[in-house]
Amino acid sequence: MSDLDVFRREVRAWLEENCPPEMREPVRDEDDVCWGGRHFTFKNQAQKDWLDRCIAKGYTVPAWPKQYGGAGLSAAEAKVLRDEMARIGARPPLSSFGIWMLGPALLKFGTEEQKVHYLNQIARGEIRWCQGYSEPGSGSDLVSLQTFGEEVHDPVGGDHWVVNGQKIWTSYADKADWIFCLVRTDKTNKYQGISFLLFDMESEGVSTKPILLISGSSPFCETFFDNVKVPRDQIVGELNRGWDVAKYLLGHEREMISATGGGDRAGALGAMLARHGLEDPVLRAEIAQFDVDSLAFTAMSEKFMDEVKVGKGHPAQPNMMKYAGTELNKRRHELVMGAGGSAALEWESQASNDGAKARSWLRTKANSIEGGTSEVMLNVISKRILDLPGA
Amino acid sequence: MPLYHNEDQAMLAETVSGFMAEEGSIKNQLRRWRDENCKDGFGHALWKQFSELGLTGILAGEADGGLGMGHVEAGIVLSEIGRNLTPSPFLTTAVMGVTALNGASDELRGRYVPGIVAGETVLAIAIDEGAKHRPERIVCKAEKSGNGFRLSGRKDFVIHGASADALIVAARTSGSESDADGITLFAVPKDASGMSQDSVRLVDSAMASHVTFDNVELAGDAVIGEVDGGRELLGRVLNAGRVGAAAEQVGVASGAFGITTEYLRTRKQFGKLIGEFQALQHRAAHLYSELQIAEAAAIKAQQLLDEGSEKADLMVSVAKAKAGKVAGLAVREGVQMHGGVGMTDEFDIGLYMKRDRALSEFMGDHYYHAERVAKLSGY
């Protein structure tokens, strides 16, 4: 028996013992998701137990090194864990922008102190993070951002930044404990004048306001900074070179968004929809075409992950994944609405789980906007992969 | 298995890509045989060269003188064939034919495989009975006759039929036309009495036969595999052909895409390189994404087939459907972006469009395979 088979057995036994039955049910709504953080209230004891047990084992971030709160698993072992969790339908113990986005950037650009401090907190779900990238007027065009950090030399309170400006589309800013934020620290250089700062959302001068969306929910906020004081050592990477960190992190964000685009779903959409009958042959045909595209995209995602592990693949590939994955996800939800008929229109009713289908459908329209629009992704592919003139 | 080529496969790809770009190029093969109005539609000398590289026996077992490789390796060859529109019996003979023969008796393998490995023998696959691929329905029948069989009926669009040393024929030996059981595969030699072929040139310059069997007497040893139990073996032959055609279409698509993007970088209009126009950039970038996805689907299907996975059937149809759609898009966009010259015979892009059309129909188009994906998924 290979080492990996032994590991699989151990994982299987551990999951059997430690994953509560309630955590093996599909996620139905936002309440079922464990985000952690200072103010998080667990939905039930099982949710808390599951998180605690995974933290103890390093399984919230299995591939991170042990000294940073991970389990130090190899890529192959991490895949075994993923597969075994998927096999029993286990929910992720912790959902976190810290894990998906900031963590990988800190692993690459953080100082040792920053890694030990922040990564462990992320792994234990102690800090809920939000992302301060977009600004009014700077959506996909991030290099035009205006939020400004002024350097202050303070012999008493220590050197720090004073940050002023406004961010928008800050997901869950109203629920977040800390923010990772792009701030202009040099007005003379467009690209190399941006720094990557981390700071507490409870700092004086930070305020947030949720934005009501067409889906009826408000996951995004406007966030305002009014003379916010940020200690000097809370910068990640080099001064004025925050764009390097930001781009690296965006790569991970795009992967994450594209993975929601039909990527990690097992099986065909048609099989799921057919339970309620698919009597319209034209609709059925469209769903079949979608399933072809979706299953092929899943192969693409798998190929990309395999290539990443060995350093193959084009660095701009996440842009392609983001483009294709989000367009696919929009199509998926159009088909779900089409198959659902009038029942999918119910917005406030028990039968519709308060319009879950309709709200999800509306939510997906943001997929091809957030994290860089589809058109920006296509620009990047033209320029960086296809090398088209003047692109 | 990771979803990319390992070192050996990458080396094979490099060898084949160099060989095909030179010896198998459009100028040296497709245009030449077409312009000479060649009755076979492909060059036998190139088939011999395939053999010298070991490619003809890529799927044949080592005991039979082959390389004993898998569909991933066959896919590498097919992809380069597609990229250069190289006319050759590789898919029908080395991929589908050998897959059928791998399920045959030692005697039958001994009769055909050495010739295939040597680049001398060509096989054709006779499954379809009509203009669309419908292997679920087989009418062509073989009745017991003494120790052998008597074959009657017809097969259509048998690629390389008239050039083949033998035809692999799927016929009904019992049951009615849509039964799963009752199918038997036969190797019918080219000189079989009572077999006649009406060979026609197709849009891509390949030659295809309409074959009529009029009480063709076959010896018992012409049977490949089991009598009445050929559906499973036929399934393997179909999977090999479908995943192979998908790989070839990925090659056609990336060949068309390559010359199109090159054109975008060099052609000027309105005082600008046309590749500077965002309308064209976005279409090219979209096509690139689709190509990457089709390529991944093809590799996934090849690997699952080689692993003998139960998911292979589904993924083979995903690959054929996806590759079909994407290659169709690639050639249409290619012709459109070439503008007027795309309509001329002098430019190659139109040849890609013709070859894609033929490959689309071969072993089931994207409608057929999307339907199969639905059925295999339980709806």
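In what follows, chains carry the letters A, B, and so on, assigned in the order in which the sequence lines appear, proteins first and then strands, with residues in each chain numbered from 1.
Within a 6.0 Å sphere centred on NZ of A:K365, other residues, nucleotides and ligands contribute more than 12 heavy atoms. Counting non-hydrogen atoms of other residues, nucleotides and ligands closer than 6.0 Å to NZ of A:K330 gives a total above 12. In B:Q336, the CD atom is not crowded: 12 or fewer heavy atoms of neighbouring residues, nucleotides or ligands sit closer than 6.0 Å. With a 6.0 Å radius and a threshold of 12 heavy atoms from other residues, nucleotides or ligands, A:D5 has its CG atom above the threshold. By the neighbour-count criterion of 12 heavy atoms within 6.0 Å, atom CZ of A:F7 is densely surrounded, having more than that number from other residues, nucleotides or ligands. Within a 6.0 Å radius of NZ in A:K312, other residues, nucleotides and ligands contribute more than 12 heavy atoms. Annotation: B:E307, atom CD; neighbour count of heavy atoms from other residues, nucleotides and ligands within 6.0 Å is above 12. The environment of A:M337 atom CE is dense: over 12 non-hydrogen atoms of other residues, nucleotides or ligands sit within 6.0 angstrom.
B:S377 and A:A271 get closest at one heavy-atom pair: O-CB, 3.3 Å. Closest heavy-atom contact between A:A288 and B:Y379: CA-OH, 3.2 Å. A pairwise comparison of heavy atoms in B:I293 and A:A324 identifies CD1-CB, 3.8 Å as the closest pair.
The parts of A:I287 that come within reach of chain B are both its backbone and its side chain, each placing non-hydrogen atoms under 4.5 angstrom from that chain. Heavy atoms closer than 4.5 Å to chain A are found nowhere in B:I274, neither backbone nor side chain. B:V318 touches chain A through backbone and side chain together, each having a heavy atom under 4.5 Å away. If you measure heavy-atom distances from B:I299 to chain A, the contacts under 4.5 Å come from the side chain alone. Residue A:V310 touches chain B through its side chain alone, counting heavy-atom pairs closer than 4.5 Å. Neither the backbone nor the side chain of B:K272 has a heavy atom closer than 4.5 Å to any heavy atom of chain A. Within the 4.5 angstrom heavy-atom criterion, only side-chain atoms of A:Q317, from C-beta onward, approach chain B. Heavy atoms of A:L278 lying under 4.5 Å from chain B belong exclusively to its side chain.
Each of A:G313, A:A274, A:A296, A:S374 has some count of heavy-atom pairs under 4.5 Å with chain B, and the biggest count is that of A:A296. The most heavy-atom pairs under 4.5 Å with chain A, out of B:V373, B:T261, B:L264, B:L3, come from B:L3.
Here OG of B:S317 is found 11.0 Å from CG of A:L295. Values are rounded to the nearest 0.5 Å. Interatomic distance, A:S382 OG to B:E276 CD, rounded to the nearest 0.5 Å: 12.5 Å.
Residues of residues 282-292 of chain B that come within less than 4.5 angstrom of chain A, heavy atom to heavy atom, are B:H282, B:A284, B:A285, B:H286, B:Y288, B:S289, B:Q292 in numerical order. Residues of residues 235-246 of chain B lying under 4.5 angstrom from chain A, judged on non-hydrogen atoms, do not exist.
Contact check for A:N379 versus B:Q278: side-chain heavy atoms found under the 4.5 Å cut-off. With contacts defined as side-chain heavy-atom distances shorter than 4.5 Å, the pair B:K325/A:Q289 qualifies. Side-chain contact check for A:L388 versus B:F277: every heavy-atom pair is 4.5 Å or farther apart. The shortest side-chain heavy-atom distance between A:K303 and B:K300 does not fall under the 4.5 Å cut-off.
A distance-only check finds no donor-acceptor pair linking the side chain of A:R284 to the backbone of B:E371 [under 3.5 Å].
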*asked:* As a quick check of understanding, evaluate side chain to side chain contact (heavy atoms under 4.5 Å, CB included) for B:Q281 and A:L378, giving each step before the final call.
replied: CA-CA 8 Å; B:Q281 288 176 352; A:L378 293 172; over 6 Å; no
